[in-house]
Enquirer: 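My questions will all concern the structure given below.
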Amino acid sequence: MKTVSSKTQDGKKTSLILCVDAGSVCVGIAVLTTEKKILHTDYRFHYGEIAGTLEKITDNLDLSGLAAVCATQSTPRIVDADWRCDDRVAVIAAARHFNEKLGAVLHVGGEKFALMRFDRQGQYAGLQTNTSCAAGTGSFLDQQAGRLRLSGIKELARVAAANTGEVPRIASRCAVFAKTDLIHAQQEGYSLGEICDGLCRGLARNIADTVFKHEKPESPVIFCGGVARNPAVTNHISDLIGMPLVIDEMAPLYGAIGAGLDWIDENTTAEDAAVRIRRPVVQRSAHSLACGHQPLELEFSNYPDFSSEQS
C-alpha cells in the first residue's frame with residue numbers, strides 16, 4: 001500500500017484531498033494537500049470498468065488523513081464525492097494554477113472537446129464545443145486503432161508521431177467515411193505510419209474547424225485532456241492554427257486537479273478541515289432490479305422453427 005504523507009516539510013499535519021475525474025475512456029486521480037501541493041497522481045484507461053479501476057487505484061493508497069473527495073460533474077455517481085465541480089470550471093481552475101497567463105484552453109477528451117477563450121486581461125470570454133458526435137475526440141482514434149489492428153490509441157499515437165512520409169487525407173467527421181478512406185489509403189500503398197498520421201491530422205482538422213474557425217484565440221493556448229498526450233495531434237493542431245500549444249505533464253489530469261482546487265478555494269477553512277468519515281470512495285449499489293412483468297417465454301413454437309416456410 002502506498003502511503004501518502006499528510007505531513008508538510010515543517011512536520012505539521014495537513015488535510016488531504018482525493019480528486020477524481022472519470023470520463024468515457026480514462027480515470028484520472030490526484031491527491032492534493034490543502035496547500036495545493038500534488039502528492040500523487042494516477043491516470044488509467046478503464047475499458048468500461050470505472051468502479052473496478054477506481055477501486056484498484058484507491059486500494060493501493062493510504063488515505064487516512066483524507067478531508068474530502070472531490071469530483072467533476074461528469075464523474076459517475078458511484079464515486080462518493082463530498083464536492084462536485086463543473087468540468088469546465090475544474091479545467092479552468094487547473095489551467096490558472098499551472099499557467100501564469102491564459103489566452104485559451106483547449107480541452108480534448110475521449111468524448112468531448114471544448115475551447116474556453118479569455119480576453120487580454122485574462123477574463124473568461126466564451127466557450128465553443130463539439131456536438132454530441134464523438135468525431136474529433138479520443139474515442140474516434142480508439143475505434144480506428146482497432147481497425148488497424150493496433151493495441152490502442154497509445155500505439156497509434158506513437159506510430160503516427162514517427163511518420164516522416166506523406167499524410168493521406170482521411171475523413172474524421174464520420175467513422176463510416178473514415179473506414180472507407182482507410183481502405184483506400186491501404187490500397188494506394190500508404191504505410192501504417194502514414195495512415196495513422198493521416199487519422200491524427202483529420203482529427204486535428206475537425207477540432208480546428210469546429211472551435212478555431214471564426215477567430216484566432218489569444219496566446220497562449222493551453223492544451224489539456226487525454227488527447228494532449230498525442231504528439232501527432234498536437235503538432236497538426238499547432239500547424240493548422242498557426243501558433244504553438246502549451247502542454248504540461250499534468251494536462252490529462254486538469255479535470256481532477258481542478259475539482260480539488262475549486263474545493264480549496266470555496267472552503268475558507270480548508271486548511272483546518274476535519275478528517276472525512278472513513279468510508280469507501282466507490283459506492284457499489286446494493287439494490288437489485290425488480291421486473292414489472294414475467295419474462296417472455298416461447299409457448300406456441302420451437303426455436304428455431306422454419307416449418308411455416310413451405311406453407
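From a predicted model like this one, the values you see are computed outputs, not experimental measurements.
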Enquirer: Could you list the donor-acceptor pairs under 3.5 angstrom formed by side chains in residues 50-57, with sequence neighbours left out?
Expert:
from : atom 1 : to   : atom 2 : distance (Å)
T53  : OG1    : E49  : O      : 2.7
E55  : OE1    : R284 : NH2    : 3.1
E55  : OE2    : R284 : NE     : 3.1

Enquirer: Run the salt bridge (Lys or Arg N to Asp or Glu O under 4.0 Å) test against R44 and tell me which residues pass, sequence neighbours left out.
Expert: D42

Enquirer: Would F212 and L240 show up in the same hydrophobic cluster when neighbours are defined by side-chain heavy atoms closer than 4.5 Å?
Expert: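 No, no single cluster joins them.
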
Enquirer: Begin with the C-alpha distance, continue with both residues' side-chain angles, and end with the deciding distance and a verdict on side chain to side chain contact (heavy atoms under 4.5 Å, CB included) for D82 and W263.
Expert: CA-CA 9 Å; D82 305 293; W263 181 84; 5.5 Å; no

Enquirer: Please report the interatomic distance CG(N130) to CG(D209), rounded to the nearest 0.5 Å.
Expert: 13.0 Å

Enquirer: Thinking salt bridges, do R279 and D80 make one under a 4.0 Å N-O criterion?
Expert: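 Between D80 and R279 there is a salt bridge, with a charged N closer than 4.0 Å to a carboxylate O.
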
Enquirer: About how many Å separate CG of L63 and NE2 of H40, when rounded to the nearest 0.5 Å?
Expert: 9.0 Å

Enquirer: Drop me the distance from I237's CD1 to R205's CZ, to the nearest 0.5 angstrom.
Expert: 12.0 Å

Enquirer: Can you run down the side chain to side chain donor-acceptor pair (under 3.5 Å) pairs that involve residues 252-261, sequence neighbours left out, and say none if there aren't any?
Expert: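 Matches after skipping sequence neighbours: N99-Y254, D248-Y254.
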
Enquirer: Would you call L182 and Q144 a side-chain contact if the rule is heavy atoms closer than 4.5 Å?
Expert: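 Yes. Closest side-chain heavy atoms under 4.5 Å.
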
Enquirer: Could you tell me if Q283 and R77 have a donor-acceptor pair between their side chains, going purely by distance under 3.5 Å?
Expert: no

Enquirer: Quick check: does any side chain N or O of T33 sit under 3.5 Å from a backbone N or O of K37, one acting as donor and the other as acceptor?
Expert: yes

Enquirer: Got L192 and Q186 here, is their nearest side-chain heavy-atom distance under 4.5 Å?
Expert: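 No - every pair of side-chain heavy atoms lies 4.5 Å or more apart.
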
Enquirer: Distance only, no hydrogens: is a donor on one side chain within 3.5 Å (strictly under) of an acceptor on the other, for D21 and T72?
Expert: yes

Enquirer: Please tell me whether V20 and L39 are part of a single hydrophobic cluster in this structure, the criterion being side-chain heavy atoms less than 4.5 Å apart.
Expert: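 V20 clusters together with L39.
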
Enquirer: How many angstroms lie between atom CD1 of I195 and atom CG of L148, to the nearest 0.5 angstrom?
Expert: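 I195 atom CD1 to L148 atom CG measures 6.5 Å (nearest 0.5 Å).
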
Enquirer: Taking atom NE2 of H97 and atom CD1 of I264, what is their separation to the nearest 0.5 Å?
Expert: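 So the NE2 of H97 and the CD1 of I264 are separated by 8.5 Å.
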
Enquirer: Enumerate donor-acceptor pairs with a distance under 3.5 Å from any side-chain N or O in residues 217-234 to protein atoms, sequence neighbours excluded.
Expert:
from : atom 1 : to   : atom 2 : distance (Å)
E218 : OE2    : R120 : NE     : 3.4
N230 : OD1    : A232 : N      : 3.0
N230 : OD1    : V233 : N      : 3.1
T234 : OG1    : N230 : O      : 3.0

Enquirer: Indicate if I257 and Y43 have the same hydrophobic cluster label, given that clusters are the connected sets of ILVMFWY residues with side-chain heavy-atom separations under 4.5 angstrom.
Expert: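 Same cluster.
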
Enquirer: Quick one: closest heavy-atom pair of C70 and I17, and the distance?
Expert: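 Closest approach of C70 to I17: SG-CG2, 3.5 Å.
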
Enquirer: Looking only at heavy atoms, which two atoms of A71 and A81 are closest? And how far apart?
Expert: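 Here A71 and A81 meet closest at CB-CB, 3.9 Å.
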
Enquirer: Residues two or more places apart in sequence or in another chain: which of them pass salt bridge (Lys or Arg N to Asp or Glu O under 4.0 Å) with K216?
Expert: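 With sequence neighbours excluded, K216 shows a salt bridge (Lys or Arg N to Asp or Glu O under 4.0 Å) to no residue whatsoever.
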
Enquirer: Tell me, which pairs form a side chain to side chain donor-acceptor pair (under 3.5 Å) where one or both residues lie in residues 87-96, sequence neighbours left out?
Expert: S74-D87

Enquirer: Would you confirm whether E194, through its side chain, and Y190, through its main-chain N or O, come within 3.5 Å as a donor-acceptor pair?
Expert: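 Side chain of E194 to backbone of Y190: no pair is present.
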
Enquirer: So, for S15 and A67, which heavy atoms are closest and what is the spacing to 0.1 Å?
Expert: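 Where S15 meets A67 most closely, the heavy atoms are CB-CB, 3.6 Å.
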
Enquirer: Checking D181 against R169 for the side chain to side chain contact (heavy atoms under 4.5 Å, CB included) test, could you report, in this order, the C-alpha distance in whole Å, the side-chain angles of both residues, the deciding distance, and whether it holds?
Expert: CA-CA 8 Å; D181 285 352; R169 191 175 182 86; over 6 Å; no

Enquirer: Indicate if L199 and V167 have the same hydrophobic cluster label, given that clusters are the connected sets of ILVMFWY residues with side-chain heavy-atom separations under 4.5 angstrom.
Expert: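 Looking at the clustering, V167 is in a separate group from L199.
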
Enquirer: When you measure from the side chain of R84 to the backbone N and O of T75, does any donor-acceptor pair fall under 3.5 Å?
Expert: yes

Enquirer: Does I153 reach the side chain of V25, with side-chain heavy atoms less than 4.5 Å apart?
Expert: no

Enquirer: Please find the pair of heavy atoms, one from C19 and one from A256, that lie closest to each other, and give the distance.
Expert: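 Between these two residues, the closest heavy atoms are CB-O, 2.9 Å.
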
Enquirer: Among the clusters formed by ILVMFWY side chains lying less than 4.5 Å apart, do L115 and I247 turn up in the same one?
Expert: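 Per the 4.5 Å side-chain linkage, L115 and I247 are co-clustered.
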
Enquirer: Minimum heavy-atom separation for I241 to A208, with atom names?
Expert: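 Nearest pair, atom of I241 first, then A208: CG2-CB, 4.4 Å.
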
Enquirer: Calculate, to the nearest 0.5 Å, the distance between atoms CZ and OG belonging to R158 and S151 respectively.
Expert: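 The distance works out to 7.5 Å.
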
Enquirer: Whether the side chain of D197 engages the backbone of N163 through a donor-acceptor N/O pair (distance < 3.5 Å, no angle test) should be reported.
Expert: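 Between the backbone of N163 and the side chain of D197 there is no qualifying donor-acceptor contact (under 3.5 Å).
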
